[in-house]
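Heads up: the structure comes next, in structure tokens.
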Amino acid sequence: MNNKEKLAKYKEKVNQVIQKMVYELFKHQPDNYVDWMIEYLQLTRLSKHSRESLIVEYNVSSDEEAFEEIDQLPQPSGNTKVFRSSVSAEVFGIHNKKENFQPRVIQKTEEQKKQIQEKLMKVFMFQALGENEKKIVVDAMEEKHFGQNEWVIKQGDDGNELYIVFSGELNCYRKMNSQDTEPKFLKEYSAGDMFGELALLYNAPRAASIQAKNDAVLFALDRSTFNNIVKDATIKKREQYEEVLSKVELLQSMDAYEKTQVCDGLKEANYSAGEIIIKEGEEGDKFYMVAEGNLIAYREVDGQQEEVLRYKTGDYFGELALIHKVPRQATVKAETDCNLVYLDINSFIRLLGPVANILKRNAEAYKKFIKN
Ligand SMILES: Nc1ncnc2c1ncn2[C@@H]1O[C@@H]2COP(=O)(O)O[C@H]2[C@H]1O
């Protein structure tokens, strides 16, 4: 490569970085933009997640689209506050420093601790914690009460806590883009649900608003404990499975947030070529997606194995038994070494609600396989 070509290559690379930085700069509109840019460049390693939160915020699906939207963004004014982050410190990780971590301990009765622990174990993020880590999290939780119609979280605000619902119901609303005057209702939360994690995970402003429908009791976990105990593992898991899920066509109608919830609930299983994953006639309690590999489904017909389907990367199987509450309708065997991810039945029901109709419609296609 001659010098001219080298220069062109560098220009191209630098332009990409600068374009992204200018977009972020426009979004955050810091007072001291030089300091902000220095910090941005130092921390571009974190930018995957910053960009992810940006995508959630503007509801666009890729960086390219985000850049196209620059022209359409509202001009800076007071009323854009909802869609702006407050200060660069919040965005670029100053809150994430791990040194000198002193977990807070909020006094509780043994009964309270037990109740928090029970709820905690329903939240995917906390399920893999060791006993000691669980104890730290339970100790750090603070009970908070909200009256009917009271706002727990307001979209656009800074956030320093996530919440687990102990009792009561809450509604989640979100302005999908900056032009919206009215927020859209997204979902209801009840006992055992968790919300408010995004601001802590991605150091972003609150992405939605949450209001108590009736009197609600919540347990709040502070940013520092979250950062030290749960954050890294959660980000790693989301990063690891994001790509796998992007290949599963079934999930493409889910929004970005719903997919992150699926990531949190996934478990991984590896099989060698020839191994059986599910057996015809057995009870089913898992739904599988193929991260990598090829598999064959076959049925026993008059003592002979009859091939019914083949699966490859991005395909899924195991849903029939869960949807129709029938025994496994076929045996599925790994044809090559396989890397699978799966949801257990409870997670399947909880998380795949948004694609239930697609699952059912697709399942119709092989209704002929279902006995009885
Ligand atoms: N579609 C969604 N996009 C963003 N946040 C959502 C969505 N649905 C639920 N939420 C929750 O609403 C919370 C608002 O505060 P956070 O942004 O900290 O975390 C957010 C999520 O826990």
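Position 1 is the first residue of the sequence; numbering continues from there. When a ligand or atom number is given, it counts from 1 through the structure's own listing order.
For E197, heavy-atom contacts with ligand 1 shorter than 4.0 Å involve the backbone as well as the side chain. The proximity of Y189 to ligand 1, defined as any non-hydrogen pair under 4.0 Å, is limited to the side chain. The parts of L198 lying near ligand 1 are both backbone and side chain, judged by heavy-atom distances below 4.0 Å.
Each of the atoms 1 (N), 2 (C), 7 (C), 8 (N) of ligand 1 lies under 4.0 Å from some heavy atom of L186. Under a 4.0 Å criterion applied to the non-hydrogen atoms of F195, ligand 1 contributes the atoms 22 (O). The ligand atoms of ligand 1 that sit less than 4.0 angstrom from a heavy atom of I210 are 12 (O). Taking a cut-off of under 4.0 Å to the non-hydrogen atoms of A199, the atoms of ligand 1 that pass are 16 (P), 17 (O), 18 (O). Close approach of ligand 1 to R174 is summarised as follows: ligand atoms under 4.0 Å from at least one heavy atom of the residue are 3 (N).
Within the set S209, A208, A256, the minimum heavy-atom distance to atom 12 (O) of ligand 1 is found for A208. Distances from atom 13 (C) of ligand 1 to the heavy atoms of C172, G156, G159, G196 put G196 nearest. Considering each of Q261, R206, M194, the one bringing a non-hydrogen atom nearest atom 18 (O) of ligand 1 is R206.
Below 30°, between 30° and 60°, or above 60°: for Y316 and F287 the angle between ring planes is between 30° and 60°, a tilted geometry.
In this structure, L340 and Y288 approach most closely via the heavy-atom pair CD1-CD2, 3.9 Å. Closest approach of A330 to A297, counting heavy atoms only: CB-CB, 4.4 Å. Closest approach of K286 and R328 over heavy atoms only: O-NH2, 2.8 Å.
Using a 3.5 Å distance cut-off with no hydrogens or angles, the side chains of N227 and S224 do not pair a donor with an acceptor. Between the side chains of K154 and Q211, no donor N or O sits under 3.5 Å from an acceptor N or O.
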Walk me through it: do E243 and K247 pass the test salt bridge (charged side-chain N to carboxylate O under 4.0 Å, His left out)? CA-CA 7 Å; E243 205 201 324; K247 293 182 192 144; 3.8 Å; yes
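For E161, the salt bridge (charged side-chain N to carboxylate O under 4.0 Å, His left out) test picks out K144, with sequence neighbours left out.
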